[in-house]
A.B. asks: 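Below you will find the structure I want to go over with you.
Naming convention: chains lettered A, B, ... in sequence-line order (proteins, then strands); numbering from 1 in each chain.
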Amino acid sequence: MAMALRTAVAAAAAPRGFRRLFSTTFTPPFNPPSASVAAQQREKAEPSTNLFVSGLSKRTTTEKLHEAFSQFGEVVHAKVVTDRVSGYSKGFGFVRYATLEDAAKGIEGMDGKFLDGWVIFAEYARPRQPPTPPENNMYTPYGHQ
DNA sequence: CCTGAGCGT
């Protein structure tokens, strides 16, 4: 029995609806200004003395952060965020300058620079949640009467 | 020890 092995034609049944998929007039991915409040989280925060520093090396400590940013202004407070359980740095931190001017100089001076072998990014930190909301309850922290 | 976007115990 001679089996004529004919070349199997790769009959790829190509759908005929793909040629107009990209021809359809679609709306450009532009976010309307009437976006929800979720948009402000992605945008850069307004000038503040508080700086958010990311891209830090896991070995960079609070001292090193304070030391590095002190070159461009009066650093009032600096801290590298570390994990509570592991104790290691999360790779980012916060730096607070005395004035907005120093904060601006700190960003211009440290943003995109190297620190411990890593390119760091300095920007204005977002307004954090209100610090320790006082108990508005009937119970006074100074001892109930 | 650290693999890598991010907004703080």
A.B. asks: Round to the nearest Å and state the distance from A:Leu56 atom CG to B:dC7 atom P.
C.D. replies: 14 Å
A.B. asks: Does A:Asn50 make a side-chain donor-acceptor contact with the base of B:dG8, cut-off 3.5 Å?
C.D. replies: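 A donor-acceptor contact between them is present.
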A.B. asks: Just how far, in rounded Å, is P of B:dG4 from CZ of A:Phe52?
C.D. replies: 17 Å
A.B. asks: Reckon A:Arg126 has a side-chain N or O less than 4.0 Å from the OP1 or OP2 of B:dC7?
C.D. replies: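 Indeed, a polar side-chain atom of A:Arg126 lies that close.
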A.B. asks: If we require ring centres under 5.5 Å and near-parallel planes under 30°, does A:Phe92 stack on B:dG8?
C.D. replies: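 According to the criterion (under 5.5 Å, under 30°), no, A:Phe92 does not stack.
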A.B. asks: Report the residues that fulfil side chain to side chain donor-acceptor pair (under 3.5 Å) with A:Ser48, sequence neighbours left out, ordered by chain and then residue number.
C.D. replies: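 Testing A:Ser48 for side chain to side chain donor-acceptor pair (under 3.5 Å), a comparison that skips the adjacent residues, returns none.
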A.B. asks: Quick one: on DNA chain B, does A:Glu123 or A:Trp118 contact a more 5' nucleotide (nearest heavy atom)?
C.D. replies: A:Trp118
A.B. asks: Tell me which pairs pass salt bridge (charged side-chain N to carboxylate O under 4.0 Å, His left out) where either residue lies in residues 69-79 of chain A, with sequence neighbours left out.
C.D. replies: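 Every pair satisfying salt bridge (charged side-chain N to carboxylate O under 4.0 Å, His left out) with a residue in residues 69-79 of chain A: there are none.
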A.B. asks: Are any side-chain N or O atoms of A:Thr62 and backbone N or O atoms of A:Val80, one a donor and one an acceptor, separated by less than 3.5 Å?
C.D. replies: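 At least one qualifying donor-acceptor pair exists.
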A.B. asks: Would you mind writing out the side-chain donor-acceptor pairs for residues 90-97 of chain A within the sub-3.5 Å range, not counting sequence neighbours?
C.D. replies:
{"residue": "A:Tyr97", "atom": "OH", "partner": "A:Phe69", "partner atom": "O", "Å": "2.6"}

A.B. asks: Which of residues 104-113 of chain A sit near DNA chain B, with a heavy atom under 4.0 Å from it?
C.D. replies: none
A.B. asks: Looking at every strand, decide which applies to A:Ser48 at a 4.0 Å heavy-atom threshold: base, sugar-phosphate, or nothing.
C.D. replies: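 If one applies the 4.0 Å heavy-atom cut-off, A:Ser48 turns out to touch nothing in the nucleic acid.
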A.B. asks: Rounded to the Å, how far apart are A:Leu115 CG and B:dG4 P?
C.D. replies: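 That distance rounds to 19 Å.
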A.B. asks: Assign each of A:Tyr124 and A:Gly87 to its nearest nucleotide of DNA chain B by heavy atoms, then name whichever residue's nucleotide is nearer the 5' end.
C.D. replies: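 First, find each residue's nearest nucleotide; the 5'-ward one identifies A:Gly87.
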A.B. asks: Sort and list the pairs that fulfil salt bridge (charged side-chain N to carboxylate O under 4.0 Å, His left out) and have at least one residue in residues 50-66 of chain A, not counting sequence neighbours.
C.D. replies: A:Lys64-A:Asp116
A.B. asks: Show me the side-chain donor-acceptor pairs of residues 107-114 of chain A shorter than 3.5 Å, one per line, residues at least two apart or across chains.
C.D. replies:
{"residue": "A:Asp111", "atom": "OD1", "partner": "A:Ala122", "partner atom": "N", "Å": "2.8"}

A.B. asks: So does A:Lys90 get a side-chain nitrogen or oxygen closer than 4.0 Å to the phosphate oxygens (OP1/OP2) of B:dG4?
C.D. replies: no
